[in-house]
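The first residue of the sequence shown is numbered 1, and numbering continues consecutively from there.
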Amino acid sequence: MTNRQSNIIFYTVISFVVTAIIVQVTNPEIFADLGKTQEELLLKEAVEKGDHNQALTSYKLLVDERISNGKEINAETAIMYEDMAKLHSSLGNTTEEKNYYLKSLGVKEKLAKNDVFSFANTYYQLGFLAEEQQQYDQALMYFEKALSTRLGDKTEAEHENDGFSTKMHKSRISYIRLNNEGTIATFRKLAEMHVIKNQHAIAKSYYERALTASELTFGESDNRTLEVLDLVNRLEI
């Protein structure tokens, strides 16, 4: 091989690499689609077009394939079930929406590890659906589970051999789990359920917890905090 031929090959390879990098930066979906199956590509196309029925059909085929391969108990399957629940919600099929949130919950309950906020959100969505159907006791149960999942086991004792950094890390995680938008929303829903049950003292305590978390999360002058403050004031007894 001559030097000229070697240079041609070298610069061709360099050109290909540079082109690939440019495409990856400007159109990353091109590479993302390379490993997708035909059904996954159909699903992506249906979602982009807003064709909810076709998307549901594709999701069902993909989930059935995962089940037949023994991969149902998997975080990805739980996410797919929740995506299907959202699609049914868009179509107004509340019964199927609840069914798929329950399917997701069933998978998550069997997983060794779960994303706390995602797990709690499943309970929250089930609570919201129960509330819409005026099944208030069931809604209250789901919202309570959403809150306990978010906050974790508060009775867990600290280990004596935990170092300072470990304790600080645990404290930080506990702070984040308590003071965030999702937890505040859950406090508010629990308060609303107790208002419906005419348990105003309990409702007020949940609104107060929501207020404290909102002040720390958004600030005292934020409109979201002021809105919760107004709810607390309305329940003064």
For this session: Please name all residues satisfying side-chain contact (heavy atoms from CB on, under 4.5 Å) with Asn179, sequence neighbours left out, ordered by chain then number.
Result: Tyr175, Ala213, Leu216, Thr217
Exercise. Looking only at atom types and distance, does a side-chain atom of Ser205 sit under 3.5 Å from a main-chain N or O of Ile202, one as donor and one as acceptor?
Worked result: yes
For this session: Kindly work out whether a path of hydrophobic side-chain contacts (I/L/V/M/F/W/Y, heavy atoms less than 4.5 Å apart) joins Leu129 to Tyr123.
Result: yes
For this session: Output, in order, the C-alpha distance, side-chain angles, deciding distance and verdict of side-chain contact (heavy atoms from CB on, under 4.5 Å) for Thr57 and Asn53.
Result: CA-CA 6 Å; Thr57 299; Asn53 286 311; 5.6 Å; no
For this session: Give a yes or no answer on whether the side chain of Ser58 reaches the backbone of Ala55 with a donor-acceptor pair at less than 3.5 Å.
Result: no
For this session: Please say which of Tyr206, Phe187, Tyr124 ends up in a side chain to side chain contact (heavy atoms under 4.5 Å, CB included) with Phe143.
Result: Tyr124
Exercise. With the threshold set at 4.0 Å, does a side-chain nitrogen-carboxylate oxygen contact exist between Lys71 and Glu65?
Worked result: no
For this session: Test side chain to side chain donor-acceptor pair (under 3.5 Å) on Asn180 and Thr183 and set out the steps.
Result: CA-CA 6 Å; Asn180 66 79; Thr183 302; 3.0 Å; yes
For this session: Check whether any side-chain N or O of Asn114 sits under 3.5 Å from a backbone N or O of Phe119 as a donor-acceptor pair, and report yes or no.
Result: no
Problem set entry | Residue pair His194, Lys204: steps toward the side-chain contact (heavy atoms from CB on, under 4.5 Å) verdict | CA-CA 9 Å; His194 285 289; Lys204 185 171 181 286; over 6 Å; no
Exercise. Given the rule that I, L, V, M, F, W and Y join up when any side-chain heavy atoms are under 4.5 Å apart, are Leu56 and Val107 in one cluster?
Worked result: yes
Problem set entry | CD (Gln199) with more than 12 external heavy atoms under 6.0 Å | yes
Problem set entry | Centroid separation Tyr81 to Tyr101 less than 6.0 Å | no
Problem set entry | Any donor-acceptor pair under 3.5 Å from Asn93 side chain to Glu96 backbone | no
Problem set entry | Check ion pair Asp137-Lys197 (N to O, under 4.0 angstrom) | yes
Problem set entry | Ion pair Glu82/Lys86, N-O distance below 4.0 Å | no
Exercise. Is there a path from Tyr142 to Val116 through hydrophobic residues (I, L, V, M, F, W, Y) whose side chains come within less than 4.5 Å of each other?
Worked result: no
For this session: Dump the intermediate steps for side-chain contact (heavy atoms from CB on, under 4.5 Å) on Lys108 and Asp115, then the final yes or no.
Result: CA-CA 9 Å; Lys108 289 180 178 182; Asp115 176 82; over 6 Å; no
Exercise. Taking all non-hydrogen atoms of both residues, which atom of Leu235 and which atom of Ala203 are closest, and how far apart?
Worked result: CD1-CB, 3.9 Å
Problem set entry | Thr186 side chain vs Gly182 backbone, donor-acceptor pair below 3.5 Å | yes
For this session: Decide if atom CD of Glu109 counts as having more than 12 heavy atoms of other residues, nucleotides or ligands within a radius under 6.0 Å.
Result: yes
Problem set entry | Phe117 atom CZ: more than 12 heavy-atom contacts under 6.0 Å | yes
Problem set entry | Contacts of type side-chain contact (heavy atoms from CB on, under 4.5 Å), residue Ala120, not counting sequence neighbours | Thr149, Arg150
For this session: Tell me, with the steps shown, if Asn99 and Lys103 meet side-chain contact (heavy atoms from CB on, under 4.5 Å).
Result: CA-CA 6 Å; Asn99 180 43; Lys103 283 177 179 287; 3.7 Å; yes
Exercise. Counting distance only, does the side-chain N/O of Asn233 pair as donor-acceptor with the main-chain N or O of Leu229 below 3.5 Å?
Worked result: yes
Exercise. Is Glu227 salt-bridged to Arg224, going by a charged N under 4.0 Å from an acidic O?
Worked result: no
